[in-house]
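So the structure is just underneath, and the comments pick up after that.
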Amino acid sequence: RTDAALYAAKAAGRGRTVLSERQPHRLVDDLAAALAARALHVELQPVVDLASGAVTGVEALARWDHPRLGRVPPADFVTAAEDGGLIDDLGAAVLALACADGRVLETAWGRQVLLGVNVSGHELVGQGYADRVLRVLQDAGRPADRLVLEVTESVVEASGPAAQRALTTLREHGVRIAIDDFGTGFSSLSRLDELPADLLKLDRAFLTTLTTSPRRQVLVRELLHLCEELDIVVVAEGVETAEQASLLQELGCRAAQGYRFAPPQPVAELARVPWGHLVPPSGSAPPPRA
Ligand code: C2E
Ligand code: MG
Ligand code: MG
Ligand code: MG
C-alpha cells in the first residue's frame, strides 16, 4: 500500500482529524526535503500601470507541489516553515529564484522590472536578515533598488527594534519596502508618515464594496491622495473586474494587480508577453509598436 492510499484510508475512516494529526510534522519534514532538493518554485504576478497596461513590476509567490498532497497553499507551508525553523531557508530560496526570474523578464522585455518578494515576520526578526538579503542580491548580481520586500502592516507594527533596524539597513542599501495587505491590520492613518515604507499594497478587502459604496470611494481617493503627498506608491491588490480597474484609476490609483490583468504564472509564460505589455481581455489599449 502506498503512503497516499494509507493516508486516504485513514482520512476516510477517522475524518478530518487525520490531516491535522499527520500534517504538522510531516509537512515540515517534507518541506525540508523539498528545500534541499530545490523543488520549490515561484510564480510571478504582474503589477500593471493602469494608464498604459505596462507591467511595471511582478510579485513572486512561492509554489510547492507536494508529491502526494498536490499544490500546498503558501499560507500553509509558510506557517509550517515558521514553526519548523525553515523560514530563513525558504525566504532565501524564494528570493534567489525571484532574482533569477527578474533577470529573465528584464532580458525578454529590454527594460527594468520591480521585483516584489514576501517576507515573513519570523524572518525579519531573526538574526542577520538584512545581511542575508544583501548577500543573495549580490550572488544574483541584482541591484537592490529593484527589489521590493513586502511586509504586512501587523508585522511592522509588532516587530521590535531589531526588525526596524533590518528594514532601515535594507532601505539604506536601496531596497524598497512595501506594506502588504494594507487595511487588514490596524491601519493607523495617523502613522502613515512614520511607516518605513516606499509602497503600500491596498488589500483586496478594500475592493469588495468599492464600486457600490460612495463613502468607500471617498476613503480610497483620500488615501491615494495622502500617499501621493507622502511619496508612497500605492498598488491595489486583487483587482478582478474592469469596473474596479477603471474606478480605481478615476480615484487616482496608478498601479494594480489581480486576476483582471493576469494570474500568478511561471516566468517562461510571462516572458512571452510582448514588451511586457498586457492588454486586458476587453481592454481598449492597443499593443505598443516597436
Ligand atoms: P499576498 O502577498 O497578499 O499575495 C497575494 C495573494 O492574492 C496571492 O495568493 C495571489 O495569488 C492572490 N491573488 C492575486 N490576484 C488575485 C485576485 O484578483 N483575486 C484574488 N481573490 N486573489 C488574488 P497566494 O499565492 O495564495 O499567496 C497567499 C499569501 O501567502 C501571500 O499573500 C503571502 O502573504 C504569502 N506568501 C506567498 N509566497 C510567499 C513567500 O515566498 N514567502 C512568504 N513569507 N509568504 C508568501
Ligand atoms: Mg505580497
Ligand atoms: Mg497582499
Ligand atoms: Mg494578501
Side-chain angles (χ1 to χ4, degrees), residues 31 34-35 39-48 50 55 57-65 70-102 114-126 129 132-133 136 147-156 159 163 176-185 187 197-208 210 233-245 248 255-266 270 278 280-281:
L31 183 61
L35 281 167
L40 262 70
H41 64 285
V42 297
E43 285 187 338
L44 306 171
Q45 185 174 37
V47 174
V48 304
L50 282 167
V55 179
V58 290
E59 176 176 3
L61 294 156
R63 297 292 180 251
W64 179 26
D65 295 316
R71 185 158 285 192
V72 184
D76 290 355
F77 67 79
V78 167
T79 304
E82 289 171 346
D83 296 344
L86 297 172
I87 194 63
D88 292 355
D89 291 345
L90 174 69
V94 168
L95 182 58
L97 288 166
C99 284
D101 286 356
L114 278 181
L115 183 67
V117 175
N118 292 284
V119 180
S120 143
H122 289 66
E123 232 181 322
L124 187 63
V125 300
Y129 176 68
R132 266 199 318 280
V133 169
V136 174
L147 175 66
V148 179
L149 293 175
E150 301 191 3
V151 189
T152 63
E153 200 180 7
S154 44
V155 165
V156 174
S159 64
R176 300 173 206 224
I177 306 299
I179 304 299
D180 204 354
D181 303 344
F182 184 84
T184 57
S187 306
D198 310 279
L199 289 94
L200 190 152
K201 300 194 76 171
L202 200 60
D203 195 75
R204 190 161 78 82
F206 268 98
L207 299 183
T208 51
L210 188 69
V233 171
V234 177
V235 177
E237 285 193 293
V239 177
E240 295 182 349
T241 69
E243 195 188 6
Q244 288 172 339
L248 280 164
Q257 181 182 342
Y259 300 154
R260 161 68 183 153
F261 308 102
Q265 55 197 287
L270 195 55
L278 285 169

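As the structure lists them, so they are numbered: ligands from 1, and atoms in each ligand from 1.
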Heteroatom distance test (Ala62, ligand 1): nitrogen or oxygen, under 3.5 angstrom: yes

Carboxylate-amine/guanidinium proximity below 4.0 Å for Arg132 and Glu123: no

Ligand 1 contacted by Glu43 (non-hydrogen, < 4.0 Å): no

Part of Gln257 with heavy atoms under 4.0 Å of ligand 1, whether side chain, backbone, both or neither: neither

Asp180 N/O to ligand 1 N/O under 3.5 Å: yes

For the Mg ion (ligand 3), the closest N/O/S atom belonging to Glu237: OE2

Step-by-step side chain to side chain contact (heavy atoms under 4.5 Å, CB included) determination, His41 to Asp65: CA-CA 9 Å; His41 64 285; Asp65 295 316; 3.4 Å; yes

Which segment of Glu82 sits under 4.0 Å of ligand 1 when only heavy atoms are counted: neither

Asn118, any N or O under 3.5 Å of ligand 1 N or O: yes

Residue Gly258 vicinity, atoms of ligand 1 by number, heavy atom under 4.0 Å: 15 (N), 18 (O)

Aromatic plane relationship, Trp64 with Phe77 - under 30° parallel, 30 to 60° tilted, over 60° perpendicular: perpendicular

Closest heavy-atom pair and its distance - Pro264, Glu43: O-OE1, 3.4 Å

Among the N, O or S atoms of Asp181, the one nearest the Mg ion (ligand 3): OD1

Candidate with minimal heavy-atom separation from atom 19 (N) of ligand 1, of Gln45, Gln244, Glu240: Glu240

Proximal ligand 1 atoms for Pro264, defined as those under 4.0 Å from one of its heavy atoms: 11 (O)

Contact check: Glu59 to the Mg ion (ligand 3), N/O/S below 2.8 Å: no

Contact partition for Glu237 relative to ligand 1, non-hydrogen atoms under 4.0 Å: side chain

Whether Pro73 lies under 4.0 Å from ligand 1, heavy atom: no

Residue selection (non-hydrogen contact nearest atom 23 (C) of ligand 1) among Tyr259, Trp64, Phe77: Tyr259

Side chain, backbone, both or neither: Asp181 near ligand 1, heavy atoms under 4.0 Å: side chain

Closest Glu150 atom to the Mg ion (ligand 2) [N, O or S only]: OE1

Side chains of Glu237 and Asp181 in contact at under 4.5 Å (non-hydrogen atoms): yes

Between CG on residue Leu124 and CG on residue Leu149, distance to nearest 0.5 Å: 8.5 Å

Straight-line distance of Leu270 CG to Leu44 CG, nearest 0.5 Å: 6.0 Å

OD1 (Asn118) to the Mg ion (ligand 2) to OD2 (Asp180) angle, given to the nearest 10 degrees: 80°

Partner residues of Ser154 under the side-chain hydrogen bond (donor to acceptor under 3.5 Å, both in side chains) criterion, sequence neighbours left out: Thr152

Sub-4.0 Å heavy-atom contact, Lys201 with ligand 1: no

